[in-house]
Amino acid sequence: MKRLLLVCLILALALSMGGCAMLEQFTSSSSTPSEPKFASLEKALLGYLDSQNYKYHHDEEKDYIYFNMTMQTADFPDGCDVYLSYDEEGFLAEAFLPLQPDLTDAKVAAGVNELMTRANYALNLGKFQMNYEDGEISYMTSAKYFERIPSQQELEWLVDIPSLMIDKYGNAFKHVIEDGADPVKEFEAADAQEQPEPGLTMPKDFVLPR
């Protein structure tokens with residue numbers, strides 16, 4: 001009987017010590033703050049940009065990246081500005097057309113709207129959009145967090161498509177905005193072009209949108 005009691009006492013002591021150790025381990029692990037969800041995306045984004053030798057500016061405090069992309073097709077000598085932002089919810093890439101329509105000109109406004117609508121209807125990833133306050137036109141892609149961070153191949157599409165679409169349709173917008181050209185003909189000419197290759201990047205200080 002004494003031997004049985006001694007065994008039970010030893011088992012109780014061992015369980016008590018193990019329980020304390022498990023509790024201590026749980027407490028210490030749960031007290032360590034987890035890495036922000038967007039930190040992994042930031043690492044993946046910078047990894048992709050570096051792998052392509054992109055030159056960019058990275059604001060670590062505000063969690064955005066921006067650069068200027070040269071054009072291969074569009075007649076924009078100064079290229080277009082590209083803005084990447086990310087947070088706990090996801091990622092957004094936006095490239096800006098380097099000219100804006102005069103929205104007080106009814107013909108130009110209607111032409112830009114038609115061109116933008118026709119272009120968006122033909123696209124599978126992202127969209128053209130316009131700020132009706134000042135006429136700013138941009139192309140945007142975005143991704144929400146689901147179960148994983150986008151792969152490098154997916155990031156390639158998300159990051160590069162906006163500037164490529166500005167490059168492909170840029171002359172069409174330019175002709176409609178500056179010359180009052182027929183938006184249908186301009187769309188058809190732009191849509192028939194082969195997809196341009198990404199241009200060169202350079203860091204550039206510019207006024208961030210919104």
Side-chain angles (χ1 to χ4, degrees), residues 35-100 116 119-120 122-131 136-174 189-210:
E35 186 179 43
K37 186 182 283 188
F38 64 79
S40 296
L41 176 60
E42 178 183 66
K43 183 177 179 181
L45 266 176
L46 294 176
Y48 170 70
L49 296 175
D50 290 339
S51 73
Q52 303 300 306
N53 296 316
Y54 279 12
K55 298 177 175 63
Y56 56 87
H57 175 78
H58 177 209
D59 189 316
E60 298 183 34
E61 293 184 359
K62 297 182 179 179
D63 302 319
Y64 63 73
I65 300 166
Y66 60 90
F67 52 87
N68 181 272
M69 180 73 81
T70 62
M71 302 283 94
Q72 305 298 302
T73 300
D75 185 19
F76 299 139
D78 294 328
C80 75
D81 295 328
V82 181
Y83 173 82
L84 314 177
S85 64
Y86 51 93
D87 57 22
E88 293 87 349
E89 295 184 356
F91 159 74
L92 180 147
E94 197 168 6
F96 295 87
L97 192 76
L99 74 162
Q100 298 174 354
M116 191 163 53
N120 280 338
L123 299 172
N124 295 320
L125 178 63
K127 63 179 180 179
F128 280 106
Q129 57 187 11
M130 181 168 68
N131 184 332
E136 178 186 78
I137 296 173
S138 65
Y139 192 95
M140 183 186 75
T141 60
S142 61
K144 290 289 186 181
Y145 289 115
F146 291 104
E147 300 296 328
R148 61 179 178 82
I149 300 299
S151 67
Q152 288 292 293
Q153 184 176 11
E154 291 165 336
L155 285 175
E156 177 181 358
W157 283 92
L158 292 166
V159 170
D160 291 345
I161 282 293
S163 60
L164 291 174
M165 291 297 100
I166 295 292
D167 201 355
K168 182 170 183 176
Y169 291 94
N171 284 336
F173 279 105
K174 182 180 177 71
D191 196 51
Q193 294 181 109
E194 292 186 6
Q195 181 64 54
E197 293 294 323
L200 303 176
T201 61
M202 59 181 179
K204 178 183 176 182
D205 292 330
F206 64 96
V207 178
L208 292 176
R210 291 179 289 284

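The analysis underlying the following values was restricted to heavy atoms, covering all of them including side chains, and did not include hydrogens, waters or symmetry mates. One-based numbering along the sequence shown. Everything numeric in this text was worked out from a predicted model, so none of it was measured.
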Just by distance, do the side chain of [X] and the backbone of [Y] share a donor-acceptor pair under 3.5 Å?
X      : Y      : result
Gln52  : Leu49  : no
Asp167 : Thr73  : yes
Asn131 : Ile137 : no
Glu94  : Ser138 : no
Asp81  : Phe96  : no

Under the criterion side-chain contact (heavy atoms from CB on, under 4.5 Å), I'd like the reasoning laid out for Val82 against Asn68: C-alpha separation, chi angles, the key distance, then a yes or no. CA-CA 6 Å; Val82 181; Asn68 181 272; over 6 Å; no
Check: [Y] and [X] side chains under 4.5 Å, non-hydrogen atoms:
X      : Y      : result
Leu125 : Trp157 : yes
Leu45  : Val159 : yes
Asp63  : Glu42  : yes
Pro150 : Leu41  : yes
Tyr83  : Phe67  : no
Tyr54  : Met69  : yes

Would you please indicate yes or no on a ring centroid separation below 6.0 angstrom for Tyr86 and Phe91? no
Phe76: ring pair (Phe, Tyr, Trp, His ring centres under 6.0 Å) partners, not counting sequence neighbours: none
How close do [X] and [Y] get, counting heavy atoms only, and between which atoms?
X      : Y      : answer
Ala74  : Ile166 : CB-O, 4.0 Å
Leu158 : Ala143 : CD1-CB, 3.9 Å
Gln152 : Ser51  : OE1-OG, 4.4 Å
Glu156 : Tyr48  : CG-OH, 3.3 Å
Gly79  : Met71  : CA-CG, 4.0 Å
Met165 : Phe128 : O-CZ, 3.6 Å

Would the number of heavy atoms belonging to other residues, nucleotides or ligands and lying under 6.0 Å from NZ of Lys127 be above 12? no
Looking at NZ of Lys174 and CG of Asp75, how far apart are the two atoms once the value is rounded to the nearest 0.5 Å? 5.0 Å
Could you go through Asp191 and Tyr169, starting from their C-alpha distance and side-chain angles, then the distance that decides it, and tell me whether this counts as side-chain contact (heavy atoms from CB on, under 4.5 Å)? CA-CA 8 Å; Asp191 196 51; Tyr169 291 94; 3.1 Å; yes
For Tyr66 and Asp59, test the side chains for any donor-to-acceptor distance below 3.5 angstrom and give the result as yes or no. no
Does one side chain, of Tyr56 or Asp50, offer a donor that lies under 3.5 Å from an acceptor on the other? yes
Begin from the C-alpha positions of Tyr139 and Leu123 and carry the test side-chain contact (heavy atoms from CB on, under 4.5 Å) through to its verdict. CA-CA 11 Å; Tyr139 192 95; Leu123 299 172; 3.3 Å; yes
Please lay out, stage by stage, how Glu136 and Met130 fare under the test side-chain contact (heavy atoms from CB on, under 4.5 Å). CA-CA 6 Å; Glu136 178 186 78; Met130 181 168 68; over 6 Å; no
